[in-house]
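Worksheet: the structure to be examined is printed underneath.
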Amino acid sequence: MSGERYNPRESEPKWQKVWDEARTFVTANDDPREPYYVLEMFPYPSGRIHMGHVRNYAMGDVVARYQRARGKNVLHPMGWDAFGLPAENAAIERKTHPGTWTYQNIESMKAQLQSMGLSIDWTREIATCDPSYYQHQQSMFIDMMQAGLVTRKSSKVNWDPVDMTVLANEQVIEGKGWRSGAPVEQRELTQWFFKISDFAEELLEALDTLTEWPEKVRTMQRNWIGRSEGLRLLFELVPSAKTDTRSIEVFTTRPDTIFGASFVGLSPDHPLATALATNNVALAEFIAECHRHGTATETLEKAEKQGFDTGLRVKHPVIEAETLPVYVANFILMDYGTGAIFGCPAHDQRDLELARKYGLPVKPVVLPPGADPASFAIGSEAYVDSGNIFNSGFLDGLSIGEAKTAIADFFGARTVDGRPQGQVEVNYRLRDWGISRQRYWGCPIPVIHCEVCGTLPVPKKDLPVRLPEDVTFDRPGNALEHHPTWKHVACPQCGSPARRETDTMDTFVDSSWYYTRFTAPHAKTPTIREVADRWLPVDQYIGGIEHAILHLLYSRFFTRAMKVTGHVGVDEPFKGLFTQGMVTHETYRSAAGTWVPPTEVIVETEGESRSARHITSGEPVTIGSVEKMSKSKKNVVDPDEIVASYGADTARWFMLSDSPPERDVQWTEAGVEGASRFQQRVWRLVCDVVSMARTTPGADSADAANALALGKLSHRAVAGVAQDIEGLRFNRAVAQIYELTHGLAKVRDGGGGPQTLAALRDGVCKLVQLIAPMMPHLAESCWAELGQSGLVADAPWPEVDPKMLVDDEVTLPIQINGKRRSEVTVAKGLSSGEVEALVLALDDIQKALDGKTPKKIVVVQDRIVNVVI
RNA sequence: GCGGGCGUGGUGGAACUGGUAGACACAAGGGACUUAAAAUCCCUCGCCGCAUGGCGUACGGGUUCGAUUCCCGUCGCCCGCACCA
């Protein structure tokens, strides 16, 4: 056996079969051990896994296998985020049913994942497109409807003209659809919404409890929720023949600047603006112009502030006899606050731009510290920082904060139209989550529209509302809508002819609760409450940063909604969150400028310089920048090919080495080779140590000391690797394993007495256990070679003897004036006085002192000595 | 524009709460073994200098016995948000 190279192609499928047959990774819900739930974001079944998946699942698998070794009852499931548009596109292209395409993809991707040797409980596999999954989603939708968490309203929506569907705000990136990239249009549609905004305050506050989340993600969610405190304020209209409306309600976060108000602004979509436009052609044209610009040309022209003077005037609320003009302005949003503002040009940049354009007064009311009240004036930039209020009657001299309180009290006590003129209010940027999608391949919204009874939920006994199989995709839009019979149904209440809802749910709904379904994937109800509560929240969730807002915020909302409807007892779905970096690769271009895949390139190194040429034609190829692996730049490396040539363990090991997991990692040929060499080195070490055990060691005077040193090395590695895995610092765990391997190999080459050889064997066994979470197949082969019983996958994590972690001696560096000049080895814990005496006696130090007395000697126990001359 | 993060050898990166900067790996160079190659093993590897030594963690300052780490300023890169009143 020894002397042979390790052959992953043979070994890996063998161990996968062994684990499978032994049901090693099948998790029981009634296992009494402490539960630990580790989850990687489940994939969309596109058909092939990519290196990003390999990295993600390798990390999760390390955590899962480590926690198993630690004696936890580990839940590590896998499923498929299987609804979504690509299946429909494929259906159009290939004339297959989206389901057929999806399930074929699932099958091939599952085989790929299985070839990675992941410790996954495949008995819990779920696919969101399966009625056995989505029927529960429909059932919970009905529960949430009845709990008042769902609404249906007509609203302006983001319409993706390419995908022909509605997008949520979160799915619009820089004015373009997140999937299609097409400029988004505004349309008015009746939509289903989850009332996520009801939870805005709670979702915001609870972020503080998510201490195991990256700060970055929490900040992003905080900004997204966008809480702002302000005042709702009524402006009385000066009576006019143009309207019967008597007041305009605005929202402001700067009521302290009310004395500087010079206009009131309305959104082009404000009801008053709309009403005025019916008798005013110019205004109607202005509003239409605003709509035309809308979101489409957002970046181009948004700098330009434009307004339209309605001719109406409002009474200034604090300055007697003064009135202000009412403008319709293009930059005011209807769906934030009240859709109306008051403009204080001196202290708001947008208001200032409008004021300058139309010659409105600019009166400063906040005085910057140190500025002269008589001469302070606003130029082209509004003053938005702190200062004291002036030019403001009874507010003069107050700070901004004090003035806000004072003015809120003032308006709170006055009434307009029988209402308080001002009311403190908190606003959020977060809007309700629109979930209607005009698509076939999604979870049908279980609702029936009856002309007599209105909109009704489908009775639960009639669930699931299944997608019809016989659909065609020969015209754009919603195939459910086009289906000849599917939508016609009898009203469940009165029996008269009614119509099914043909919208399906946003696929983010599917992924908002899959982690819960994994806890009881075959239950007849959406969840089994006690089981879910035992597993949740997920201890460690791992995935891409691109889901920082969408998926993670929706899931946090959905968990709360499931709590309200009694399906779970927890608030937060994910206790620990880790966002891993991307996998990148060099790009290559031919002389003609076309991208060339790495498989067709040979890279040559000559000294410092690298050059590349095409593998068959020999033509030179330009080496380009390092980019995220993408089909468009052809810089992808196929995991299948890597597994076939180097084995899964090598791919996994490489993905975990070197780069910190939260950062991008560059896939390189050399790096893979290195990983593969290490695999062979470990195997050789194990084989050598096994054969050494058959020889009789000679006597050795240093035997006990060498054995102790080796023992310390091994124990230290075990403790260090454990710490690094728990902190998800896989690159450092890998470095420590390398160090241990070097140490063991040195002893193997040097030999030693019986105690040393015993320590060597023990160290090698520990090494095998340390690599087991990362290179599980190799570890099993080594474990067997070492003659250990059972599977290393079932072996408990090696015990660390705390005594082996401490040294009784330490080497202290000695600095002179902060520069390292010497060192001294002393007993651990030696007092400062004793160290000082020892140091001063040293030749090096005496020489440096040159007869002088040091000014000061700093001794940090067991750390460092600094002699100041 | 606003918010957040980062900047360490040829490269990826280590360095616990301020205490020997460059662990570990990749690349490179040299050597051993070999008929040869592959594989493997050993050595060198921040910069300058023959050397005692000096300089080095983007740059400029500061605090400290001591700074990659803390503070201020400058430059550069990356990410998120972007008319939210």
Side-chain angles (χ1 to χ4, degrees), chain A residues 5 173-175 214-224 226-228 230-231 250-255 257 265 267 298-299 302-305 329-333 335-344 347-351 353-354 381 384 427-431 545-546 548-549 605-610 654 657-660 662-666 668-675 677-678 680-681 684 723 729 731-739 741-742 745 749 811-823 854-860 862-869:
Chain A
R5 285 177 65 75
I173 293 139
E174 288 173 357
E215 191 52 55
K216 183 188 167 82
V217 174
R218 292 198 282 168
T219 306
M220 281 166 75
Q221 291 211 352
R222 222 169 262 134
N223 293 342
W224 190 263
R227 182 183 200 274
S228 66
L231 198 68
V250 306
F251 176 73
T252 178
T253 56
R254 293 299 303 273
T257 63
S267 163
E298 181 167 40
T299 36
K302 76 177 169 197
E304 181 76 21
K305 302 282 176 284
N330 62 346
F331 61 91
I332 301 169
L333 305 172
D335 56 358
Y336 186 79
T338 61
I341 61 154
F342 82 76
C344 176
H347 305 291
D348 184 288
Q349 191 59 32
R350 296 155 301 183
D351 297 347
E353 284 170 34
L354 193 84
E381 270 187 38
V384 295
N427 261 302
Y428 300 91
R429 214 183 76 123
L430 182 69
R431 310 289 148 76
I545 185 78
E546 64 273 23
I549 297 171
T605 323
E606 242 193 76
E608 305 270 285
S609 69
R610 296 172 72 238
F654 178 60
S657 325
D658 288 350
S659 285
E662 68 279 8
R663 271 193 237 173
D664 291 353
V665 63
Q666 192 189 345
T668 63
E669 203 49 33
V672 186
E673 297 277 355
R677 276 200 298 272
F678 178 68
Q680 296 298 342
R681 220 181 306 150
R684 215 177 323 116
Q723 237 175 37
R729 294 177 296 263
N731 56 321
R732 291 207 333 202
V734 164
Q736 295 209 55
I737 290 172
Y738 274 117
E739 243 168 310
T741 311
H742 288 320
D749 299 339
T811 300
L812 301 179
I814 303 170
Q815 298 180 328
I816 291 179
N817 290 339
K819 293 204 163 115
R820 188 184 175 283
R821 279 298 127 94
S822 184
E823 62 179 38
K855 274 194 209 140
K856 189 174 178 185
I857 301 178
V858 182
V859 179
V860 183
D862 298 340
R863 268 256 145 87
I864 202 164
V865 180
N866 192 6
V867 182
V868 187
I869 301 172

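Because only heavy atoms are used, hydrogens play no part in the values below, and waters and symmetry mates are left out as well, while side chains stay in. A, B, ... follow the sequence lines: proteins, then strands. Residue 1 opens every chain.
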Report task. Please state how far atom CG in A:N731 lies from atom C1' in B:G22, giving the value in whole angstrom units. Result -> 15 Å

Report task. Take atom P in B:A23 and the same atom in B:C47, then report the distance between them in whole Å. Result -> 13 Å

Requested in this report: Dot-bracket for RNA chain B, please, read 5' to 3', with Watson-Crick or G-U wobble pairs under 3.5 Å on both distances, ( ) within the strand, [ ] crossing, | other strand, . unpaired.
Outcome: (((((((..(((......[....))).(((((.......))))).(((....)))..(((((..]....))))))))))))....

Requested in this report: Quote, to the nearest angstrom, the C1' distance that separates B:U20 from B:C65.
Outcome: 16 Å

Query - Pairwise P distance, B:A14 and B:G22 [rounded to whole Å] - result: 15 Å

**Report entry** Syn or anti conformation of B:G18, syn meaning chi within 90° of 0
**Finding:** anti

**Report entry** Nucleotide B:A14, atom C1' - distance to CD of A:E739 in whole Å
**Finding:** 10 Å

Report summary line: When rounded to whole Å, the CZ to P distance for the pair A:R218 and B:C81 reads 19 Å

**Report entry** P atoms of B:A38 and B:U44, separation to the nearest Å
**Finding:** 23 Å

Query raised in the report: Taking CZ from A:R681 and P from B:U40, how many angstroms apart are they, rounded to a whole number?
Result: 8 Å

Query raised in the report: Given the P atoms of B:C72 and B:A21, what is the spacing between them in whole Å?
Result: 26 Å

Requested in this report: Could you give the distance separating B:U8 and B:G12 at their C1' atoms, to the nearest angstrom?
Outcome: 12 Å

Requested in this report: Measure from the side-chain heavy atoms of A:M220 and tell me the nearest of B:C16, B:G80, B:U40.
Outcome: B:G80

Please list, for nucleotides 59-70 of chain B, all pairs of protein and nucleotide N/O atoms separated by less than 3.5 Å.
unit_1: B:C65; atom_1: O2'; unit_2: A:N866; atom_2: ND2; d: 3.1
unit_1: B:C65; atom_1: O2; unit_2: A:N866; atom_2: ND2; d: 2.6

Query raised in the report: Among B:A85, B:A25, B:C79, which nucleotide sits nearest the side chain of A:H742?
Result: B:A25

Query raised in the report: If you check the A:W224 side chain, which of B:G12, B:A82, B:C79 turns out closest?
Result: B:A82

Query - Separation of atom CD in A:Q680 from atom C1' in B:A38, rounded to whole Å - result: 13 Å

Query raised in the report: Got a sec, which residues hit ring pair (Phe, Tyr, Trp, His ring centres under 6.0 Å) with A:F678, two or more places apart in sequence or on another chain?
Result: A:W653, A:Y738

Query - P-based separation of B:C59 from B:G10 [nearest Å] - result: 13 Å

Query raised in the report: With respect to the side chain of A:D658, which nucleotide from B:G12, B:G3, B:A14 is positioned closest?
Result: B:G12

Query raised in the report: If the P atom of B:C83 is compared with that of B:C6, how far apart are they to the nearest Å?
Result: 28 Å

